[in-house]
Amino acid sequence: MTEGYAIELYFDPALENQVLKAWNVLARRQISTQLIEIESRPHITLYSSPFLDPSKLEPLIKNFAAKQEPLQLNFSAIASLPSENKVLFLSPTPTLSLLQFHSQLCDLLKKEGVEIGNEFRVDSWIPYCPVAQQVPKSRMAEAFAVLRDLKLPVSGYAMDIGLVEFSPVRELFSFMLGNTVEG
């Protein structure tokens, strides 16, 4: 049974590999394996909802992606969210281009009657790339210490946007940013 849907921003292979390296180190230390277990892919979540019509969104996101350019990303900090999911993440420097990208996507979704929840509203969205979920409280300090060994900042580009259902994660579609070639 589907728990929900998410619109995600995906990275170039080099940046994706840097994030996967963090996932694997945390898994080897048995701190967190959740993202690997649910078959996630390194990403920044742009929007998520328990209810979406993927067939309605596919042409919208395809058109949106074609009008965008790859986004430069610079993950410069490690942080956590004060939530029950005990998430550790890499935080991108919030550039104007990233914030505008998210804002334009939200505007597009709103025009289609999609409700934007508080967590993803333009004035409250926190862009982040999860590197660990369900980290036991007793191992949080160790997880931070492991992640500090990453040589930050880690830079690259957001290259694709896609829709997934979860959990486990299953990609429904994705499109390259700026790719106007019909496939």
### Task
Among residues two or more places apart or on two chains, list those pairs meeting side chain to side chain donor-acceptor pair (under 3.5 Å) that have a residue in residues 94-110.
Gln68-Gln104, Thr95-Ser97

### side chain to side chain donor-acceptor pair (under 3.5 Å) contacts touching residues 45-54 (sequence neighbours left out)
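Residue pairs passing side chain to side chain donor-acceptor pair (under 3.5 Å), neighbours aside: His43-Thr45, Asp53-Ser55.
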
### Message
Around atom CD of Gln30, are there more than 12 heavy atoms from other residues, nucleotides or ligands closer than 6.0 Å?
### Response
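No - once you tally the heavy atoms of other residues, nucleotides and ligands closer than 6.0 Å, there are 12 at most.
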
[X]: which residues meet the salt bridge (Lys or Arg N to Asp or Glu O under 4.0 Å) condition with it, sequence neighbours left out?
{"X": "Glu58", "value": "none"}
{"X": "Glu119", "value": "none"}
{"X": "Asp149", "value": "none"}

### Query
Among pairs that include at least one residue of residues 16-39, which meet ring pair (Phe, Tyr, Trp, His ring centres under 6.0 Å), considering only residues two or more places apart or in two chains?
none

### By side-chain contact (heavy atoms from CB on, under 4.5 Å) - contacts of Pro54 (at least two apart)
Tyr5, Leu163, Leu172

### Query
Looking at residues at least two apart in the chain, or sitting in another chain, which of them share a side-chain contact (heavy atoms from CB on, under 4.5 Å) with Gln72?
Tyr157

### Summary
By ring-ring contact (aromatic ring centres under 6.0 Å, His included), Tyr10 pairs with (sequence neighbours left out) none

#### Entry: Residue pair Leu88 / Ser80, side-chain heavy-atom distance below 4.5 Å
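Of all side-chain heavy-atom pairs linking Ser80 with Leu88, at least one is under 4.5 Å.
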
### Query
Hey, are the side chains of Ile44 and Phe75 touching, using non-hydrogen atoms and a 4.5 Å cut-off?
yes

### Task
Could you work out the complete set of other residues in the hydrophobic cluster of Val87, with links drawn between I, L, V, M, F, W and Y side chains under 4.5 Å apart?
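Members alongside Val87: Leu81, Phe89, Ile126, Tyr128.
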
### Query
Can you list every salt bridge (charged side-chain N to carboxylate O under 4.0 Å, His left out) pair that touches residues 159-170, not counting sequence neighbours?
Glu165-Arg170

### Task
Using the salt bridge (charged side-chain N to carboxylate O under 4.0 Å, His left out) rule, collect all pairs that involve residues 12-39, keeping only residues at least two apart or in two chains.
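Non-adjacent pairs meeting salt bridge (charged side-chain N to carboxylate O under 4.0 Å, His left out): Glu16-Arg41.
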
### Message
On a heavy-atom basis, which atom in Leu99 and which in Pro94 lie closest, and how many Å separate them?
### Response
CD1-O, 4.0 Å

